[in-house]
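Lettering follows sequence order; numbering is per chain, from 1. Values below: all heavy atoms of this structure, side chains included; hydrogens, waters and symmetry mates excluded.
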There are 2 protein chains.
Amino acid sequence: MARPRKPLLSREGIVAAAGALVDAEGLEALSTRRLAAVLGVSGPSLYNHFRTKDEILEAVADAVSARVDLSMFEPDDGRDWRTALEDWAHSYRAALADHPHIVPVLARGPGRRPAGLRVADAVFGGMTAAGWPPSQATRIGALMRYFVLGSAVASFAGGFTEDRSAYDPEAYPHLGQAHLLPERGRSVDEGAFETGLTALLDGLALRFEALGGDEPRS
Amino acid sequence: MARPRKPLLSREGIVAAAGALVDAEGLEALSTRRLAAVLGVSGPSLYNHFRTKDEILEAVADAVSARVDLSMFEPDDGRDWRTALEDWAHSYRAALADHPHIVPVLARGPGRRPAGLRVADAVFGGMTAAGWPPSQATRIGALMRYFVLGSAVASFAGGFTEDRSAYDPEAYPHLGQAHLLPERGRSVDEGAFETGLTALLDGLALRFEALGGDEPRS
DNA sequence: ACCTGAACACCGTTCAAGT
DNA sequence: ACCTGAACACCGTTCAAGT
């Protein structure tokens, strides 16, 4: 065939197909050869559009970051810093929950991914505008990232097996119900996320008060 | 050579060599062929001791879990639940910091790894003994896991690049200093971890009070 | 029981050749 | 510029063969 008059591939098309494959079958299922096959081309063709397979994965991850709502950090948005952080965390978590298999790639850090950087920038801007000192604003961005990404990557319930025999009551006296965890999985993780998020925000509010921030600037 | 009179390999030896290789060069550097070469045998020999490469990785991860201090959750330990959680989180984080490359494997969940299960069991036992209702104790175990694993897997500072040109001030108005983050990396992450941990514990203490737990049982 | 080499079915990536 | 097939240097894993 050689070169067709109209390109068979585009960056967007490759990223979309890669994302669909990862969503459907997981990170390991994505090989350049399989991805190319899905797109109806041969493996090496991808290298006309991306330098490496990893670059494709970064683009898939960034597309997920791009879906995180950041409107709560805009200057004219009415929400106070606590509500903004809470709403953002929920939006962030929801975006990750829709594409769980790509989360480990997102967790590597914003790196050079534009949408990932936009998230970091927005949180920092929102917190400093609300009266947090810059050094604290950086920390808040980091710690929220830990918690939200941790909840997605280290799902508690998903980590247990349904095989009851794995939990010898002699060895693990408190894990009698652990084999039921995968079943209740979603609700356990959701409850833990909400409890943790509330605790985090309550704790940060205490710290904000101690700052002398009696009249928060929004 | 065929079978030697004394086995060349042992599970412990394989796990130790695999751990060293992962620590030194990262997860992707571990191939069965390279690991075997380090041990002075041929690739397939490993399959006499482990069923899959993944089982080796699980064993490496479990060895890290086994180094997490759990003494604070023992019945006769004097620490109250908050101090116990705080000390545990620090020990957990330190263990992960010593072996950052294996953290993604640990994050997959305790699964069937004995030391991982022992951690989950100890936290749950410690929290219920302190007066937390079982459902809340489960959530606390999960949310602490999110935060500690998140801090290890999603290191904030390590995710930025030192290349200043990646942070166009037009696009990211608040990231002017972002290229300095890798340098300050360790201290930013440490500060964020401490801030987040304190906030989490402060928030949980509020919740504990609301439980009517005026006389905590230790 | 525990090692070996050969083999199978894959990988990511490079590159010269085609249009 | 953008695709191809062939090739390189790898993978994880299976298996018959050796002692």
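In this entry the distance linking CG of B:Asn48 with P of D:dC15 reads 14 Å, nearest Å. Rounded to whole Å, the distance from CZ on B:Phe50 to P on D:dT14 is 15 Å. If you take CG of A:Leu27 and P of C:dC11, they are 15 Å apart, rounded to a whole angstrom. Across the protein-nucleic acid pair, A:Glu28 atom CD and C:dC10 atom P stand 16 Å apart, rounded to whole Å. Straight-line distance from the NZ atom of B:Lys53 to the P atom of C:dC11: 15 Å, rounded to whole Å. In this structure, CG of B:Leu30 is placed 20 Å from P of C:dC11, rounded to the nearest angstrom. Taking atom CG of residue A:Leu8 and atom C1' of nucleotide D:dA1, one finds them 12 Å apart after rounding to whole Å. Between A:Tyr47 atom OH and D:dT4 atom P the separation is 14 Å, expressed in whole Å.
Each of A:Ala29 and A:Arg51 has a nearest nucleotide on DNA chain C; the 5'-most of these lies closest to A:Ala29. Between A:Arg33 and B:Lys6, the residue whose closest nucleotide on DNA chain C is further toward the 5' end is B:Lys6.
Salt-bridge check for A:Arg108 with A:Glu58: passed, with a basic side-chain N closer than 4.0 Å to an acidic carboxylate O.
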Worksheet entry | Criterion ring pair (Phe, Tyr, Trp, His ring centres under 6.0 Å) on A:Phe147 and A:Phe193, from CA distance to verdict | CA-CA 8 Å; A:Phe147 185 68; A:Phe193 181 80; 5.3 Å; yes

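Remark: C:dA1 base-pairs with D:dT19; criterion is Watson-Crick or G-U wobble with both hydrogen-bond distances under 3.5 Å. In a base pair of the Watson-Crick type (N1 to N3 plus N6-O4 or O6-N4) or a G-U wobble (N1-O2 and O6-N3), with each distance short of 3.5 Å, D:dA6 is matched with C:dT14.
The shortest distance between the side-chain N/O atoms of B:Ser42 and the OP1/OP2 oxygens of C:dC3 is not below 4.0 Å. Taking only side-chain nitrogens and oxygens, A:Thr32 comes nearer than 4.0 Å to OP1 or OP2 of C:dG12. Contact between the side-chain N/O atoms of A:Ser45 and the OP1/OP2 oxygens of D:dT4 is found at a separation under 4.0 Å.
Counted by atom type alone, B:Asp69 and B:Ser71 present one or more donor-acceptor pairs between their side chains at under 3.5 Å. Side-chain contact annotation: B:Glu194 with B:His90, donor-acceptor N/O pair under 3.5 Å present.
With A:Arg11 contributing its side chain and A:Phe50 its backbone, the two residues share no donor-acceptor pair below 3.5 Å.
Using a 4.0 Å heavy-atom criterion, one finds that B:Ser31 contacts the sugar-phosphate atoms exclusively. Heavy atoms of B:Leu35 sit nowhere under 4.0 angstrom from any nucleic acid atom.
When distances run from any side-chain atom of A:Val41 to the nucleotides C:dC3, D:dT4, C:dC11, the shortest one goes to D:dT4. Each of C:dC3, D:dC11, C:dT4 was ranked by its minimum atom distance to the side chain of B:His49; first place goes to C:dC3. Of the candidates D:dT14, C:dC3, D:dC2, D:dC2 carries the atom nearest the A:Pro7 side chain, counting heavy atoms from C-beta on.
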